[in-house]
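Naming: A, B, ... by sequence-line order, numbering from 1 per chain. Below, all heavy atoms of this structure are taken into account, side chains as well, without hydrogens, waters or symmetry copies.
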Amino acid sequence: MTMDITQPAEKIMPSISTNKLRIGRHRGLITAIVTLALLVAFILKVSATPLGYYDISQLVSGGTTLAIAAMGQTLVILSGGFDLSAAAVISLVNVSLASFPMGSITSPALLFAIGIGIGVAVGAVNGFFIAFLRLQPIVVTLATMFILQGITLLVMDNPGGYIDGSLYEFMASDLIPNTLPMSGALILLCLVLWYWLKRTPYGIALYAAGGDPESARSAGVSVAWVRFLTYVLAGGMYGVAGVTISAQTGAGDPLVGNPMLLQMFAAVVVGGTLLGGGRGGLTGSAIGAFVLILMVNILLILNVSAYYSTIAESSILLIAVLIGAIHGKSVLANNLSRFTTRLGAWREGVLPSQRNFTSQRLSLPGEVSRVPAAAIGWREWIQRNRASIRLALPAFVCFLIVLVATEAILGNAVLNGRYYNTLLVLSCFLAILALGQGSVILTGGLDLSIPWTIALAGIVVSKMAAGSNAELIYAIPFVLLMGAFIGLLNGSGIVILGLSPIVMTLAMNGMLQGVSLLYSGGTPDGFAAPLLRTFMTQRFLGVTPVVIFLILFVIFAVLLLTRTPFGRRIYAIGNSVRAAELSGIGVKRTVVMVYMLSGVCAALVGILLSGLSGQASLGMGDEYLLPSIAAVVVGGTLITGGRGNYIGMLGGVLLLTALQTLLAGTTFPMSTRQIVFGLVILGAVIALRERR
Amino acid sequence: MKQFLKNASHALGLALAFGAVAAPAMAEGKHKIFLSMSYIGNDWQAEAANMLKAMAASPAYADKVDLQVQVAGPNAQKQIQQINSMVQAGADAIIVYPISPTALNAAVKNACAKGVTVIAYDSIIEEPCAYNVHIDQKVWGEKSAQWLVDQLGGKGRVVMITGVPGTTVDSLRNEGAKAVFAANPGIEVVAEANGMWSQAVARTELSKIVATRPWDEIDGVWMQAGCYTANSMQSEAGIPDDKIRPCAGEASNGGRIQMLPVGTEVDGANGTYRPMGAKRWSSGSQNFTGALALKLAVQKLEGGEIPALTDVPQNIVTNDNIKLCLEGTWKEMSEGCNVFQPSIIPNPGWFASIYSELTPEVGLQAALIGQPE
């Protein structure tokens, strides 16, 4: 999996001396250690009261859960995978431990065993689907995440329960009095195990399978088993993390783990592990986790005001990752040297554009260049588009099944025009996001800045329009440009500074949240223009105007991805950055444009969403991030890029929206709904499975 | 219950007044008080924090309190870390919007052991050494549901839009409401969806429900947040104002404007943000609880005693007692007004539950921009 699309040069260039290589390989880790040391030094220096051993041991135990979970996630990432279910495992372990009757389990060892057991079981399920059924890690773990969240709510639907005090006592005790707290010892134990594991055949195979699965396979590594074992091991570590947070809290809370998911990825990246596999290590991730945890203290010491806190946090994250990216062979250095070379050439006047070359373009005889577009029968058409249809079909088939189920359970669906109208109105948000997020995913990236791009766009357009139609003439173009600009920043950070897409867009999301709060002063005002409201909510001859817009948008999206050079370039980059570069594609320019497309799509969704609601609200984009990814992958897109088409994504959107509509019309408990939701996603991707 | 609440709040008011009088001037410096907020991405949190800041800036407290505000987001682990570092930074009191009622227990206990006063507002901290200031959410669920049952004459099809699943507030409210609905066999809950306490989500969820079940098959709506949205949707669907289904739910200003009789003069009405005589029960988590928590914290720090649980009144607004405020000063609100001009509050999702007789220091300006009266 190549999440980081901008690192190929580094991978390919051989290092001159082994000594240099060694430093290069550990550069990420070293940077993380230096960053952590700087933060600790700063806290020690500015802290109002001196930090005693007690304070430090508390800091360590505060970071333990995140550190151990991030270490588990690192294993998966090293193997070339991705685990979205990690945080859900933590919550499940927490509520499971808290649901035992008080006093029935009083041994910390037993509690650890139960937690690890749950994690291992989940890991085995993930591993089975990913390693043996060869399904995409991100989709499988997304589905298991929903299922686990459902099971968690089934075990305990609100915070409560009790975890035996012995666990807290154990974790709060010192292994070596006044030197090493138990939580710190636990992290060290995990690290020792890791260094041992690294030297076993499994450890070597892990790096091999993550770095280049094909070569690993040729070299006789059983890639499937390595992957399976990785998910099981990682699951066990999430289990441990679930136990440590239980020790820290002493009770259950079904939501306790969920917000740690994105933090976990940030910790991994700060720790110097390359998303995409094959490079990095667990030590860095543990340190990365502490860098993140210490930010809380830093913000407190600096007394950063509430509205600025997400901006400050994101900046620290970016800076920490950037420092790691600055070295002789980094993308940034590469870009800089290329820029100076170009500048020098420009001064000397030897740039190709400055010279008067006569066109050397080959001219083809006219009659050969065009294949006569003979009418083809539908059989041939199917034959030609077989691959695309196979990708798109499962989502549509599942959509039809959901449709029939809706008719059977709720009635009033299949022959009801209003039902389809509502379905399409509600689908338009995800359908638009799918073009942006889908294109980004096709190039092998991911856009996490969607939620607050949506919110900011909605807030700005409502405030500018202030309930009047005339203002829309400039408000809408302005907001769409703003979306493009956000995308430009994302794309530039990724291709010029060489940041990983996850980090760049995650930080962007945090910054946009701060900007939205500052711009709106905490409470957005203004109304959507009446025209926009009519566009989203009224019906003419039973059809809401936005449905017509959606149809036009779908045609545009399909043409954009299949019939334009831009679309072709996206697929080329997704298939192989190197090959795309060598065939003369402006990879960087295209990648930036893809993120700009995503920004514009998100801004458009913000505008439409404010039209539907009548005004904007701060968190209104929050519900769209995971569905935007889910719709894209359920529609047959390969998360590692290069494969997928927009019609399939549209099928995914319709499927998810229809499923949510079905579930909203029932009185099923929330737990059941999430389990059903996860199972349908899993079912759709099993149907997508490629046979060999 | 009502009488008890009234007595309790009177007693509390007296105690506060006494505390304020008896407190000697703090010569040795200000009280160091920290606020650990949860998520800031919604109106309720922003308003509550504004009121708390206004309280700290009000003449009675400005030279007593040094307030620092931090945000923990939705992440309980982060809030634990925040509380620990606040204790370490020498806090006298910590005011918390708790993300989890259980997860903070150990951190809070540790803070108490160091002599720090911990007060939670709106949501709950279970640790016994913490003080809590909030409405009784289960009673909220019961009263709102009972009103709806009465409106429907004990018979009808009800749609429920709940909050964030897995939270205590959500489950207490649902528990209370469902018990009432179950006790009335004529009431049928026909659909239930998670509204996430957001008008935007309430809109999409309700649209999904209405896709297969048109409005004429729904008799009443129970929403933790989003009655404004439900009424707007009916209006857009061509349902005349007097036929809008009764709705029991939160205290958004938009929803309250819609409760005013048709023809009431208001400034800045727009679209469905206008008086339509909609049948409503409106109450919510009270936004002044944070400001009250600060007051109690100071009282405690000055040697006073405060109750472990301050159960604040629900301030229920129905069509019988809805009244438009002209300016929104505390004095005006104390005379019974409970909804604000759209020209002053352009955001209909803004929460109007800001009045308490216990907090005369803060009024509309406090909730809007953090300025005391």
Side-chain angles (χ1 to χ4, degrees), chain A residues 48-49 55 58 62 65-66 153 157-160 168 245 248-256 259-260 293 296-297 299-300 303 306 309 406 410 412-413 418-419 422-423 426 467 513 517 522-527 533 537 609 612-615 617-620 623 660-661 664-667 670, chain B residues 37 40-43 46-47 49-50 68-71 73-78 80-82 84-86 88-90 100-103 105-106 165-168 171 189 191-194 196 198-201 203-205 207-213 229 232 236 270-272 346-350:
Chain A
T49 49
D55 299 309
Q58 225 178 17
T65 303
L66 184 62
L153 285 174
D157 67 357
N158 64 331
Y168 175 78
I245 196 155
Q248 209 182 357
T249 63
D253 185 334
L255 303 177
V256 74
M260 289 169 64
I293 284 286
V296 173
N297 297 52
L299 292 184
L300 187 80
N303 194 12
S309 67
T406 310
L410 303 177
N412 215 356
R418 273 170 43 112
Y419 170 75
T422 311
L423 194 65
L426 294 176
Q513 182 180 357
L517 284 166
T523 175
D525 54 9
F527 292 94
R533 268 184 268 172
T537 60
L609 205 54
L612 181 75
S613 303
Q615 66 279 317
S617 50
L618 281 169
M620 71 182 193
E623 311 292 320
Q660 285 173 342
T661 308
T666 65
T667 51
M670 191 56 200
Chain B
M37 286 174 71
I40 41 171
N42 78 43
D43 288 298
E47 267 180 75
N50 280 347
Q68 276 196 31
V69 184
Q70 293 287 307
V71 180
N75 191 338
Q77 172 111 55
K78 207 163 159 186
I80 294 173
Q81 173 80 4
Q82 209 160 60
N84 285 341
S85 55
M86 285 169 175
Q88 209 269 319
S100 162
T102 52
N105 286 354
T167 58
T168 311
S171 62
V189 177
E192 188 184 331
N194 290 113
M196 311 302 285
S198 143
Q199 299 270 353
V201 177
R203 175 104 200 185
T204 52
E205 291 306 309
S207 304
K208 286 171 194 164
I209 292 171
V210 185
T212 53
R213 181 179 290 280
T229 303
S232 302
E236 284 155 13
N270 188 316
T272 54
N347 174 8
W350 191 88

A:Gly252 versus B:Thr102, closest heavy-atom pair with distance
O-OG1, 3.0 Å

Which atom of B:Ala103 lies closest to which atom of A:Val256, heavy atoms considered
CB-CG2, 4.3 Å

Take B:Arg203 and A:Thr537 through the side-chain contact (heavy atoms from CB on, under 4.5 Å) test and state the conclusion after the steps.
CA-CA 11 Å; B:Arg203 175 104 200 185; A:Thr537 60; 3.2 Å; yes

Most contacts with chain A, counted as non-hydrogen pairs under 4.5 angstrom, among B:Ser198, B:Ala193, B:Ala211
B:Ala211

For the candidates B:Pro348, B:Pro101, B:Ala106, B:Ala200, which exhibits the highest count of non-hydrogen atom pairs separated by less than 4.5 Å from chain A?
B:Pro348

Nearest non-hydrogen partners of A:Ala664 and B:Ile209, listed with the distance:
O-CG1, 3.4 Å

What option among A:Thr406, A:Leu299, A:Leu66 has the most heavy-atom pairs under 4.5 Å with chain B?
A:Leu299

So OG of B:Ser207 and CG of A:Leu423: to nearest 0.5 Å the spacing works out to 11.5 Å

What closest approach, in Å, do A:Arg533 and B:Thr272 show between heavy atoms, and which atom pair accounts for it?
NH1-N, 4.3 Å

Name the region of A:Leu153, side chain, backbone, both or neither, that has any atom closer than 4.5 Å to a heavy atom of chain B.
side chain

B:Asn194 side, atom CG; A:Gln660 side, atom CD - distance, nearest 0.5 Å
11.0 Å

Residue from B:Ser232, B:Ser171, B:Ala191 scoring the most non-hydrogen pairs under 4.5 Å with chain A is B:Ala191

Answer with side chain, backbone, both or neither: which region of A:Asp55 has an atom nearer than 4.5 Å to a non-hydrogen atom of chain B?
side chain

Reported CD-to-CE distance for the pair B:Glu192 and A:Met670, which is rounded to 0.5 angstrom
10.0 Å

Most heavy-atom pairs under 4.5 angstrom with chain B, which of A:Thr666, A:Asn158, A:Leu300, A:Asp157?
A:Leu300

In terms of heavy-atom pairs under 4.5 Å with chain A, the winner among B:Ala49, B:Gly73, B:Pro74 is B:Pro74

Looking at every heavy atom in both B:Gln70 and A:Val296, which two are closest together, and how far apart are they?
OE1-O, 4.5 Å

Is B:Val189 in contact with chain A via its backbone, its side chain, both, or neither, using a 4.5 Å heavy-atom distance?
both

Chain B contact via A:Tyr419 - which portion, at a heavy-atom distance below 4.5 Å:
both

For the pair A:Leu255 and B:Thr167, evaluate side-chain contact (heavy atoms from CB on, under 4.5 Å) and give the outcome as yes or no after the intermediate values.
CA-CA 8 Å; A:Leu255 303 177; B:Thr167 58; 3.7 Å; yes

Whether the A:Gln248 and B:Gln77 side chains hold a donor-acceptor pair (N or O, under 3.5 Å, no angle test) is what I'd like checked.
yes

Can you tell which part of A:Ile245 gets under 4.5 Å to a heavy atom of chain B, answering side chain, backbone, both or neither?
side chain

May I have the step-by-step check of side-chain contact (heavy atoms from CB on, under 4.5 Å) for A:Asn412 and B:Arg213, ending in yes or no?
CA-CA 7 Å; A:Asn412 215 356; B:Arg213 181 179 290 280; over 6 Å; no

Which pair of heavy atoms, one from B:Gly166 and one from A:Asp253, lies closest together, and at what distance?
O-OD1, 4.2 Å

Checking B:Ile80 against A:Thr249 for the side-chain contact (heavy atoms from CB on, under 4.5 Å) test, could you report, in this order, the C-alpha distance in whole Å, the side-chain angles of both residues, the deciding distance, and whether it holds?
CA-CA 9 Å; B:Ile80 294 173; A:Thr249 63; 4.1 Å; yes

Do you know which of A:Pro159, A:Gly665, A:Gly62, A:Ala306 has the most heavy-atom pairs under 4.5 Å to chain B?
A:Pro159

Greatest number of non-hydrogen atom pairs under 4.5 angstrom with chain A, of B:Pro346, B:Ala46, B:Gly349, falls to B:Pro346

Given a strict heavy-atom distance threshold of 4.5 Å, which part of A:Thr422 is in contact with chain B: side chain, backbone, both, or neither?
side chain

Heavy-atom distance under 4.5 Å to chain A: side chain of B:Met196, backbone, both or neither?
side chain

Less than 4.5 Å to any heavy atom of chain B: does that hold for the side chain of A:Ser309, its backbone, both, or neither?
side chain

